[in-house]
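A quick write-up on the structure given underneath.
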Amino acid sequence: PRVLAFVRERVEAGAVEFHLTELVQYVASREMCSPNSPARILQLLKESGEVNYEVLSRRKSLYRILSEPVQASTPT
C-alpha cells in the first residue's frame, strides 16, 4: 500500500519519473522496511497489473509511471 500511495501521489503531482531511491525513502520514512522491499513490491504490482511503469535507465534506477494505478480485482 505504501508503494501504491507513492505511485498515486506522483501521478497526481504530474511527476511520473522517479529514481528508485525516492521510492525507498518515501516508504522507509513511513514504516520500517528492507531497502530492497519497495522495489520488489513495485515489481509485484506491475506483474499483477496494478501499476504500469517502464525503466528508463537501469544504471540510474530511473523509472516512469505510464498510467494511474488500478485497483486489483478481488474475488467475490
Side-chain angles (χ1 to χ4, degrees):
R2 298 278 187 215
V3 174
L4 272 176
F6 173 85
V7 172
R8 284 190 185 105
E9 287 179 22
R10 298 295 294 213
V11 169
E12 288 173 9
V16 294
E17 291 185 10
F18 66 95
H19 290 92
L20 188 57
T21 55
E22 294 173 276
L23 172 62
V24 172
Q25 289 172 352
Y26 178 92
V27 173
S29 71
R30 289 157 176 81
E31 62 186 48
M32 295 210 33
C33 68
S34 160
N36 295 330
S37 292
R40 281 196 310 270
I41 293 168
L42 184 65
Q43 179 62 37
L44 290 171
L45 291 170
K46 183 176 185 174
E47 290 171 7
S48 71
E50 292 179 73
V51 173
N52 187 16
Y53 67 87
E54 64 182 345
V55 179
L56 299 177
S57 171
R58 289 197 189 281
R59 185 173 62 80
K60 295 179 182 179
S61 296
L62 182 62
Y63 294 73
R64 178 187 297 140
I65 303 161
L66 299 175
S67 60
E68 290 188 38
V70 296
Q71 195 72 8
S73 59
T74 54
T76 54

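The basis for the numbers below is simple: all heavy atoms, side chains too, and nothing from hydrogens, waters or symmetry mates.
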Please walk me through it: do L42 and V51 pass side chain to side chain contact (heavy atoms under 4.5 Å, CB included)? CA-CA 8 Å; L42 184 65; V51 173; 4.1 Å; yes
Give, for atom CD of E50 and atom OG of S67, the distance between the pair rounded to the nearest 0.5 Å. 11.5 Å
Minimum heavy-atom separation for P35 to V24, with atom names? O-CG2, 3.6 Å
To the closest 0.5 Å, what do you measure between CD (Q25) and CG (L20)? 10.0 Å
Got a donor-acceptor contact below 3.5 angstrom from the E22 side chain to the H19 backbone? yes
Sequence neighbours excluded, which residues qualify as side-chain contact (heavy atoms from CB on, under 4.5 Å) partners of E68? V11
V27: partners by side-chain contact (heavy atoms from CB on, under 4.5 Å), with sequence neighbours left out: R2, V3, L23, E31, C33, P38
F18: what forms a ring pair (Phe, Tyr, Trp, His ring centres under 6.0 Å) with it, not counting sequence neighbours? F6, Y63
Yes or no on side chain to side chain contact (heavy atoms under 4.5 Å, CB included) for V7 and L45, after CA distance, side-chain angles and deciding distance? CA-CA 11 Å; V7 172; L45 291 170; over 6 Å; no
Is a donor on one side and an acceptor on the other found under 3.5 Å between the side chain of R10 and the backbone of A15? yes
Keeping K46 on the side-chain end and Y53 on the backbone end, is there a donor-acceptor pair under 3.5 Å? yes
